[in-house]
**Q** 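The structure under discussion is supplied below as structure tokens; questions concerning it will follow.
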Amino acid sequence: MSQPADDVDQDRLILDSVTRFLGREVKPHVHALEHDDIYPEDIVEGMKALGLFGATIGAEYGGLGLSAATYARIVETVSTVWMSLSGIFNSHLIMAAAVERFGTPAQKQAFLPPFATGELRGGLALTEPDCGTDLQAIRTTARRQGNEGYVVDGTKTWISNGIHGQIFALLVKTDPAAEPRHRGMSLFLAEKGPGFTVSRKLEKLGYKGIDSAELVFADYEIPADRLIGGEEGRGLQHALGGLELGRINVAARGVGVAQAALDEAVRYSQLRNTFGKPICEHQAIQLKLADMATQVEASRLLVDKAARAYDKGERCDMEAGMAKLFASEAAVTVSLEAMRIHGGYGYSKEFTVERLYRDAPLLVIGEGTNELQRIIIARQLIARNKV
């Protein structure tokens with residue numbers, strides 16, 4: 001079913017606004033900010049004004065209420081300029097999606113409006129020092145303290161927006177002895193306060209500018225009404241429900257990074273001359289460019305398919321997994337090929353391809369490793385095609 005014309009026009013206006021913002025406010029500054037690993041406070045304010053922190057939040061709560069398909073296009077567009085920016089609002093929006101899909105009416109009314117404006121920003125606090133892909137192995141606990149609330153102890157790591165965010169969807173064990181393990185897991189909205197500290201900023205190969213941090217909880221008290229959905233034991237389902245959108249986002253980032261690398265390679269290949277002609281006229285370079293362009297376009301189509309399935313409310317873990325797997329691997333391959341086309345200049349910090357090459361590897365790890373995506377795809381393939 002096609003989109004109504006009004007929705008198409010609105011989506012185009014939003015994408016045009018994002019493109020103009022990136023050209024005016026981001027492109028002139030991204031090189032210095034990224035290499036110095038500086039949090040882009042002014043750019044974040046601009047993203048607030050654009051409504052990006054409410055991109056997928058319903059209009060009734062002050063958000064833009066965009067479809068996943070349009071949101072993926074925005075993420076791709078942002079990532080062609082600076083991938084780190086997409087992480088600042090995406091982690092925040094996954095937290096918001098958990099509240100909008102599973103929260104109580106009171107939680108939705110209290111938190112979604114300030115989430116939508118970016119007044120209250122944050123992200124997901126799932127990963128721990130000894131636990132990433134296997135979320136059921138988390139050790140952070142929340143023990144009940146009368147009827148008023150819980151006391152949380154534990155450590156979370158690699159948390160996006162950990163330094164500059166104010167609130168996080170925090171995954172904990174409310175019943176560490178439960179079997180199966182997921183029945184003892186719960187998801188809370190945890191605001192910074194006594195007992196909640198940021199222990200350190202984590203240095204990274206790429207994905208700079210966005211703050212990745214380690215969070216420590218020591219006798220951190222959290223009210224009972226911050227338990228998302230108001231029921232213990234549903235935390236893993238709530239967290240995984242948001243990861244479908246997260247994987248579509250990561251896949252869209254892959255498309256953006258790969259497209260940017262392709263654009264840089266196509267441009268440079270026409271400017272660089274060897275043996276009396278531009279290198280784009282050499283067959284070896286032409287073969288590379290053809291493969292790169294095909295991978296970019298195939299990735300974009302997979303992302304769009306997954307996003308449209310998500311918008312229809314269909315189960316799309318296989319589609320999101322395929323998009324994330326293929327697009328992230330394409331970002332790694334295309335950025336490397338772009339670097340090789342640039343030759344020695346590709347290894348220089350003065351050229352954009354160096355940054356793209358450093359950013360791309362994160363995508364094969366984040367939101368579930370690509371090894372995990374292959375397992376999800378295979379299991380769903382069998383489940384959907386029973387003999």
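All residue numbers refer to positions in the sequence shown, counting from 1.
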**Q** Step by step, would you call Y357 with E337 a side chain to side chain donor-acceptor pair (under 3.5 Å)?
**A** CA-CA 9 Å; Y357 178 70; E337 290 294 79; over 6 Å; no
**Q** Do we see a donor-acceptor contact under 3.5 Å between the side chains of K173 and T140?
**A** no
**Q** Within the 4.5 Å heavy-atom criterion, are S160 and L124 side-chain neighbours or not?
**A** no
**Q** Are any non-hydrogen side-chain atoms of P278 and R272 less than 4.5 angstrom apart?
**A**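 Contact flag for P278/R272 side chains = no.
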**Q** Classify the angle between the aromatic ring planes of Y39 and H164 as parallel (below 30°), tilted (30 to 60°) or perpendicular (above 60°).
**A** parallel
**Q** Going only through I, L, V, M, F, W and Y residues with side-chain contacts under 4.5 Å, is there a path from F89 to L363?
**A**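 As far as the 4.5 Å side-chain criterion goes, L363 and F89 are connected within one cluster.
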**Q** Could you give the distance from CD1 (I167) to CG (L120), rounded to the nearest 0.5 Å?
**A** 5.0 Å
**Q** Holding to side chain to side chain donor-acceptor pair (under 3.5 Å), I want the full list of residues that pass it with R267, two or more places apart in sequence or in another chain.
**A**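 Residues passing side chain to side chain donor-acceptor pair (under 3.5 Å) with R267: none at all.
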**Q** Please round to the nearest 0.5 Å and tell me the distance separating atom OG1 of T157 and atom CG of D130.
**A**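 Here the interatomic distance stands at 10.0 Å.
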**Q** Just verifying a value: how many Å separate Y345 OH and E350 CD, rounded to the nearest 0.5 Å?
**A** 9.0 Å
**Q** Counting C-beta onward and ignoring hydrogens, is there a side-chain heavy-atom pair between L85 and P40 closer than 4.5 Å?
**A** yes
**Q** So, Q259 versus R300: side-chain donor-acceptor pair below 3.5 Å or not?
**A** yes
**Q** For the residue pair T70 and D11, confirm or rule out a side-chain donor-acceptor distance under 3.5 Å.
**A**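 Their side chains do contain a donor-acceptor pair, which is all the 3.5 Å distance test asks for.
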**Q** Are F326 and V257 grouped together when hydrophobic residues (ILVMFWY) are joined by side-chain heavy atoms under 4.5 angstrom apart?
**A**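 Result: no, two separate clusters.
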**Q** Side-chain contact, heavy-atom cut-off 4.5 Å: I74 with L52?
**A**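 The answer is yes; the side chains approach within 4.5 Å.
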**Q** So, S86 versus N249: side-chain donor-acceptor pair below 3.5 Å or not?
**A** no
**Q** Would you give the length of the straight line joining atom CD of E148 to atom CG of D225, rounded to the nearest 0.5 angstrom?
**A**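 Interatomic distance, E148 CD to D225 CG, rounded to 0.5 Å: 9.5 Å.
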**Q** Looking only at non-hydrogen atoms, find the nearest pair between A178 and R183 and report the distance.
**A** CB-C, 4.0 Å
**Q** Look at the aromatic rings of F196 and F168 and report parallel, tilted or perpendicular, splitting at 30° and 60°.
**A**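 Tilted.
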**Q** Do T117 and F53 come within less than 4.5 Å of each other through their side chains, counting heavy atoms only?
**A**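 In short, these two side chains do not touch, never coming nearer than 4.5 Å.
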**Q** Drop me the distance from K324's NZ to R253's CZ, to the nearest 0.5 angstrom.
**A** 10.5 Å
**Q** Which heavy atom of A96 sits nearest to which heavy atom of I57, and what is that distance?
**A** CB-CD1, 3.7 Å
**Q** According to side chain to side chain contact (heavy atoms under 4.5 Å, CB included), who are the partners of H282, at least two apart in sequence or on a separate chain?
**A** T274, F275, K277, I279, I285
**Q** Assess the side chains of E232 and Y150: does a donor N or O sit below 3.5 Å from an acceptor N or O?
**A**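 Y150 and E232 do have a side-chain donor-acceptor pair below 3.5 Å.
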**Q** Please step through side chain to side chain donor-acceptor pair (under 3.5 Å) for the pair T80 and D263, ending with a clear verdict.
**A** CA-CA 9 Å; T80 61; D263 292 343; over 6 Å; no
**Q** Atom OG in S91, atom CD in E367: separation rounded to 0.5 Å?
**A**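 Interatomic distance, S91 OG to E367 CD, rounded to 0.5 Å: 7.5 Å.
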**Q** Looking at F115, does the NZ or CZ of R121 lie under 6.0 angstrom from its six-membered ring centre and within 45 degrees of the ring axis?
**A**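 Cation-pi check for R121 and F115: fails.
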**Q** Would you mind checking if R181 and D134 are paired as a salt bridge, meaning a charged N to carboxylate O distance below 4.0 Å?
**A** yes
**Q** Apply the test salt bridge (charged side-chain N to carboxylate O under 4.0 Å, His left out) to residues R200 and E214: give CA-CA distance (whole Å), side-chain angles for both, the deciding distance (0.1 Å), then the verdict.
**A** CA-CA 6 Å; R200 61 190 176 116; E214 186 171 82; 3.5 Å; yes
